[in-house]
Amino acid sequence: MDEARIPRHIAIIMDGNGRWAKKRLMPRSAGHRAGMKRMIGLSEHIFDRGVRCCTLFALSTENLSRSKEELDGLFALLREYFPENAEILRAKNITLRVIGDRSLLPADVVQVIEAGEKRTEGGTRGTLVLAIGYGGRQDILSAVNKAVRAGKEVTMEEFSSMLSEGDLPDPDLLIRTGRELRISNFLLWQAAYSELYFTDVLFPDFSDKELDKAIEAFSHRERRFGKA
Ligand code: FPP
């Protein structure tokens with residue numbers, strides 16, 4: 001495919017783990033484990049397709065009000081898989097970064113995250129961003145407060161650079177799996193001109209082939225950024 005037709009930055013709302021498990025009469029935790037495994041496989045495939053940057057919405061600020069049991073399960077998965085995943089990414093020369101409010105996460109999970117970020121620092125092939133305890137509105141509010149503290153009016157570019165992904169290009173393609181048709185407080189500012197792709201496929205079933213289908217659909221979109 002023509003390189004200009006490959007999105008530079010793909011963002012994915014990974015939804016449907018719970019329903020995937022329910023369909024199989026399994027606990028929600030089994031859905032999250034399957035989602036975690038798929039997330040690792042998919043993040044390798046994305047960079048093999050020539051994408052430079054990928055942001056995965058793992059846990060929103062609002063998701064943090066789910067039951068203690070479900071959250072403990074998700075944090076346990078992070079402890080179990082994060083170091084191994086960081087190693088895979090390091091071997092592939094990909095930088096791993098986490099965005100979101102770390103004060104909302106258990107201290108040892110933050111340590112695991114920071115070790116993974118350090119391990120992959122400087123990877124030049126691409127950047128994988130995991131959004132954990134992240135909210136788009138919270139991100140914008142925090143940038144507003146930075147601007148207020150700076151004590152002067154800011155330009156659009158200056159403001160963009162104050163957001164969590166300030167040094168990365170905006171997502172070209174925003175995918176949501178699991179049938180719902182909404183953005184759910186993901187990269188609100190950055191997704192202003194993202195091409196949207198919704199699929200009924202539940203995240204653990206979102207195969208490499210499904211991702212290729214989304215990239216193919218993107219390649220046929222005409223992007224005008226509001227111009228005639
Ligand atoms: C949404 O599915 C998914 C999540 C809230 C978590 C996504 C997590 C992963 C892909 C696993 C790896 C990430 C972490 C943080 C361990 P849902 O549970 O809302 O599914 P449902 O809408 O079918 O109930």
Side-chain angles (χ1 to χ4, degrees), residues 10-46 54-89 94 96-117 120 127-136 138-139 164 171 174-187 197-208 210-211 214:
I10 297 183
I12 308 181
I13 301 177
M14 305 182 291
D15 195 15
N17 294 347
R19 278 163 286 156
W20 182 92
K22 196 171 177 192
K23 258 174 52 182
R24 289 164 179 75
L25 307 177
M26 289 156 89
R28 289 180 68 78
S29 59
H32 290 319
R33 180 172 292 274
M36 181 59 135
K37 289 185 180 163
R38 184 73 288 261
M39 184 173 96
I40 294 172
L42 192 64
S43 39
E44 286 193 62
H45 179 67
I46 283 177
C54 172
T55 306
L56 300 173
F57 204 9
L59 211 56
S60 69
T61 320
E62 293 72 25
N63 288 154
L64 288 169
S65 58
R66 289 192 179 188
S67 73
K68 181 172 177 336
E69 187 194 355
E70 181 164 359
L71 290 178
D72 283 349
L74 284 166
F75 294 139
L77 281 175
L78 280 173
R79 290 182 193 101
E80 184 180 344
Y81 284 99
F82 208 87
E84 181 191 327
N85 192 21
E87 212 45 61
I88 295 171
L89 294 169
I94 293 161
L96 175 61
R97 192 195 290 184
V98 172
I99 57 171
D101 184 350
R102 293 180 193 199
S103 73
L104 303 174
L105 309 177
D108 67 322
V109 169
V110 174
Q111 272 176 10
V112 165
I113 286 171
E114 286 175 355
E117 287 179 323
T120 60
T127 304
L128 178 68
V129 184
L130 264 185
I132 302 179
Y134 175 83
Q138 291 81 348
D139 198 4
S164 307
L174 172 61
I175 299 172
R176 180 173 187 140
T177 67
R179 205 159 50 231
E180 312 289 358
L181 304 177
R182 52 177 172 262
I183 307 284
S184 298
N185 202 17
F186 197 22
L187 302 163
Y197 181 90
F198 295 99
T199 169
D200 287 353
V201 176
L202 303 174
F203 185 69
D205 292 330
F206 190 70
S207 60
D208 293 351
E210 291 294 338
L211 180 89

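Each ligand, and each atom within it, is numbered from 1 in the order the structure gives. What you see is a predicted model; the values in this text were computed from it and never measured.
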Subject >> Sub-4.0 Å heavy-atom approach of G178 to ligand 1 >> reply: no
Subject >> Min heavy-atom dist D15 to ligand 1 below 4.0 Å >> reply: yes
**OP:** Distance to 0.1 Å, residue and atom name: give those for the protein heavy atom nearest to atom 9 (C) of ligand 1.
**Re:** N17 ND2, 3.5 Å
Original post:
Going by heavy atoms, is E180 under 4.0 Å from ligand 1?
Top reply: no
Original post:
Which is it for N63 and ligand 1 at heavy atoms under 4.0 Å: side chain, backbone, both or neither?
Top reply: side chain
Subject >> Ligand-side contact atoms (ligand 1) for residue partner L74, heavy atom cut-off under 4.0 Å >> reply: 16 (C)
**OP:** Say whether R66 and ligand 1 are in contact under the criterion: heavy-atom distance to a ligand atom below 4.0 Å.
**Re:** yes
Original post:
Would you find a donor on one side and an acceptor on the other, under 3.5 Å apart, between the side chain of N185 and the backbone of G136?
Top reply: yes
**OP:** Show which atoms of ligand 1 fall inside a sub-4.0 Å distance from at least one heavy-atom site of G18.
**Re:** 17 (P), 18 (O), 20 (O), 21 (P), 23 (O), 24 (O)
**OP:** Just need the protein heavy atom nearest to atom 12 (C) of ligand 1, so name the residue and atom and give the distance.
**Re:** M36 SD, 3.4 Å
Subject >> atom 21 (P) of ligand 1: nearest protein contact (heavy atom, Å) >> reply: R19 NE, 3.5 Å
Original post:
ligand 1 and F57, any nitrogen or oxygen pair closer than 3.5 angstrom?
Top reply: no
Original post:
Does R28 approach ligand 1 within less than 4.0 angstrom via side chain, backbone, both or neither, non-hydrogen atoms only?
Top reply: side chain
Subject >> D101 versus Q138, side-chain donor and acceptor atoms under 3.5 Å >> reply: no
Original post:
Is a side-chain N or O of R38 found less than 3.5 angstrom from the main chain of F206, in a donor-acceptor match?
Top reply: yes
Subject >> Side chain R24, main chain W20, donor-acceptor under 3.5 Å >> reply: yes
Original post:
Side chain of E210, backbone of D205: donor and acceptor closer than 3.5 Å?
Top reply: no
**OP:** Note the single closest protein heavy atom to atom 15 (C) of ligand 1, along with its residue, its atom name and the distance in Å.
**Re:** A58 CB, 3.8 Å
Subject >> Donor-acceptor contact below 3.5 Å, side chain T120 vs main chain L96 >> reply: yes
**OP:** Report yes or no: does T177 contribute a side-chain atom to a donor-acceptor pair with the main-chain N or O of L202 at less than 3.5 Å?
**Re:** no
Original post:
Numbering the atoms of ligand 1 from 1, which are under 4.0 Å from a heavy atom of M14?
Top reply: 1 (C), 3 (C), 10 (C)
Original post:
Considering the options L181, T199, I183, I13, which one meets the side chain to side chain contact (heavy atoms under 4.5 Å, CB included) requirement together with R176?
Top reply: I13
Subject >> Heavy-atom check, side chain of L104 versus side chain of T61, under 4.5 Å >> reply: yes
